[in-house]
Amino acid sequence: MKRLLAGIVLTALLVWATAAAGRPRPKPRPKPRPPAVLLAAGDVADCESTGDEATAVLLGRTKGTIATLGDNVYENGSAEEFANCYLPSWGRFKQRTRPAPGNHDYRTAGAAGYFDYFGTRAGPGRRGWYSYDLGAWHLVALNSNCSSAGGCEPGSPQQHWLDADLVAHSKKCTLAYWHHARFSSGSHGDDASVDGLFRTLYDRGADVVLVGHDHDYERFDPQDPDGAVDPARGLREFVVGTGGRNHTPLARPPSATSKVRNATTFGVLKLTLSPGRYSWSFLAADPTGFADGGSARCH
């Protein structure tokens, strides 16, 4: 009887093994990709300041793509200044960097020092605007030196390109960056010249705008192009002019949409870009200093 039972069990095992061998094995589930990381700041390098060396330390110990928000090197964005002042600090991370130009970069005719230094990383045609995908996000670098860029208003070459680019891309979440702040409590204040770019981004459902120009940090609530709070469709703007050149005071009364401000701390903004959402953290060069962080969903 025992032999009979053993034979039955063995036969069943052989039948199961034969059937299992004929079945396709389930494919292992792919590991989820880690979220993309963007590190951003503007108003960066100056041979007379050690601030850019301090923020470069942050870049060196944090993985991610680097977005410069204009005024990459002072005073005039010349080839010599890029070689002597930018290269030793932030220039060590050039292959991770996707820049945008500022007004000091254009103090050299045609921003030649900027375009020669960054080459293809500054986009095609020396025009100062381009786009790329980073993880689940679509990123757009723009040129807010409007008179040098052929305008920023509706119908200008840059605004026309931006609108077509936003229509064409398939990413759910969009981030744009440039130099001059549409809204700011700093000494330069609001800049209406970039209104056409801001409105195009708003109309096409973008999520985040990063700017510099004022040498401070400021975070706004999501807002519409007229500066009213709009949690459903508004763009969240960050002013991050904290790359290392110097600090300038918050000289204007803050608007109702301005939530966080600091004008004494060098640092970079770290954005963790996940599918359908993002989080931010201000990384201070002085770890005992100012901090800011949070998270939100895309539209």
Side-chain angles (χ1 to χ4, degrees), residues 35 38 40 42 67 69 100 129 131 134 136-142 144 146 152-156 158-186 188-214 216-241 250 252-262 269-282 292-299:
L38 185 72
L69 309 179
W129 66 81
S131 69
L134 188 62
W137 282 62
H138 186 65
L139 272 62
V140 185
L142 297 172
S144 62
C146 298
C152 299
E153 70 280 359
S156 64
Q158 182 173 202
Q159 186 277 331
H160 181 77
W161 171 89
L162 173 62
D163 190 56
D165 179 80
L166 296 176
V167 170
H169 86 79
S170 59
K171 300 292 185 181
K172 178 180 179 181
C173 306
T174 301
L175 179 151
Y177 59 95
W178 62 79
H179 185 59
H180 298 82
R182 176 63 190 92
F183 301 102
S184 174
S185 303
H188 291 295
D190 299 352
D191 192 331
S193 69
V194 295
D195 177 74
L197 304 178
F198 199 97
R199 286 182 183 276
T200 300
L201 289 160
Y202 176 83
D203 290 343
R204 295 301 182 188
D207 301 280
V208 177
V209 168
L210 309 179
V211 293
H213 201 39
D214 278 318
D216 56 47
Y217 175 83
E218 187 168 16
R219 171 170 58 85
F220 290 83
D221 274 334
Q223 56 190 323
D224 68 18
D226 298 314
V229 174
D230 184 350
R233 297 183 56 212
L235 291 160
R236 188 188 302 277
E237 184 194 88
F238 295 84
V239 179
V240 198
L250 292 158
R252 299 168 187 272
S255 70
T257 56
S258 177
K259 305 309 293 182
V260 176
R261 298 169 295 283
N262 177 273
L269 183 65
K270 177 184 177 182
L271 288 147
T272 303
L273 306 176
S274 305
R277 64 181 301 109
Y278 63 99
S279 63
W280 67 88
S281 176
F282 183 81
D292 181 42
S295 63
R297 292 189 176 277
C298 301
H299 298 142

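Predicted, not measured: the structure shown is a model, and the values here were computed from it.
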**Request:** Assess whether atom NZ of Lys270 is packed by more than 12 heavy atoms of other residues, nucleotides or ligands within 6.0 Å.
**Result:** no

To the nearest 0.5 angstrom, please state how far the [atom1] atom of [X] sits from the [atom2] atom of [Y].
{"X": "Leu139", "Y": "Ser131", "atom1": "CG", "atom2": "OG", "value": "9.0 Å"}
{"X": "Gln159", "Y": "Trp129", "atom1": "CD", "atom2": "CH2", "value": "11.0 Å"}
{"X": "Arg261", "Y": "Asp214", "atom1": "CZ", "atom2": "CG", "value": "13.0 Å"}
{"X": "His180", "Y": "Leu142", "atom1": "NE2", "atom2": "CG", "value": "13.0 Å"}
{"X": "His179", "Y": "His213", "atom1": "NE2", "atom2": "NE2", "value": "5.0 Å"}
{"X": "His138", "Y": "Asp165", "atom1": "NE2", "atom2": "CG", "value": "3.5 Å"}

**Message:** Apply side chain to side chain contact (heavy atoms under 4.5 Å, CB included) to residues Val140 and Leu166 and explain how you reach the verdict.
**Reply:** CA-CA 9 Å; Val140 185; Leu166 296 176; 4.2 Å; yes

**Item:** Among Trp280, Tyr177, Phe238, side-chain contact (heavy atoms from CB on, under 4.5 Å) partner for Val208
**Value:** Phe238

Please report the shortest heavy-atom distance between [X] and [Y], naming the atom on each side.
{"X": "Ser144", "Y": "Trp178", "value": "CB-CD1, 3.5 Å"}
{"X": "Lys171", "Y": "Ala136", "value": "CD-O, 3.4 Å"}
{"X": "Asp216", "Y": "Gly186", "value": "OD2-CA, 3.6 Å"}
{"X": "Pro254", "Y": "Ser185", "value": "CA-OG, 3.4 Å"}
{"X": "Ala40", "Y": "Leu210", "value": "CB-CD1, 3.7 Å"}
{"X": "Ala181", "Y": "Val239", "value": "CB-CG2, 4.2 Å"}

**Prompt:** Does the distance from a Lys or Arg side-chain N to an Asp or Glu carboxylate O, for Asp226 and Arg199, drop under 4.0 Å?
**Reply:** yes

**Prompt:** Thinking salt bridges, do Arg233 and Asp224 make one under a 4.0 Å N-O criterion?
**Reply:** no

**Request:** For the pair Asp207 and Arg236, evaluate salt bridge (charged side-chain N to carboxylate O under 4.0 Å, His left out) and give the outcome as yes or no after the intermediate values.
**Result:** CA-CA 6 Å; Asp207 301 280; Arg236 188 188 302 277; over 6 Å; no

**Given Arg204, His299, His169, the one that forms side-chain hydrogen bond (donor to acceptor under 3.5 Å, both in side chains) with Thr174** =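 With Thr174 as partner, Arg204, His299, His169 yield a single side-chain hydrogen bond (donor to acceptor under 3.5 Å, both in side chains), made by His169.
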
**Asked** Taking only residues two or more places apart in sequence, or in another chain, which ones meet Gln223 in a side chain to side chain donor-acceptor pair (under 3.5 Å)?
**Response**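 Gln223: side chain to side chain donor-acceptor pair (under 3.5 Å) contacts with Thr257.
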
**Request:** Answer yes or no: is there a side-chain heavy-atom contact under 4.5 Å between Leu269 and Tyr217?
**Result:** yes

**Message:** Run the ring pair (Phe, Tyr, Trp, His ring centres under 6.0 Å) test against Phe198 and tell me which residues pass, sequence neighbours left out.
**Reply:**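 Counting only residues at least two positions away or on another chain, Phe198 forms a ring pair (Phe, Tyr, Trp, His ring centres under 6.0 Å) with Phe183.
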
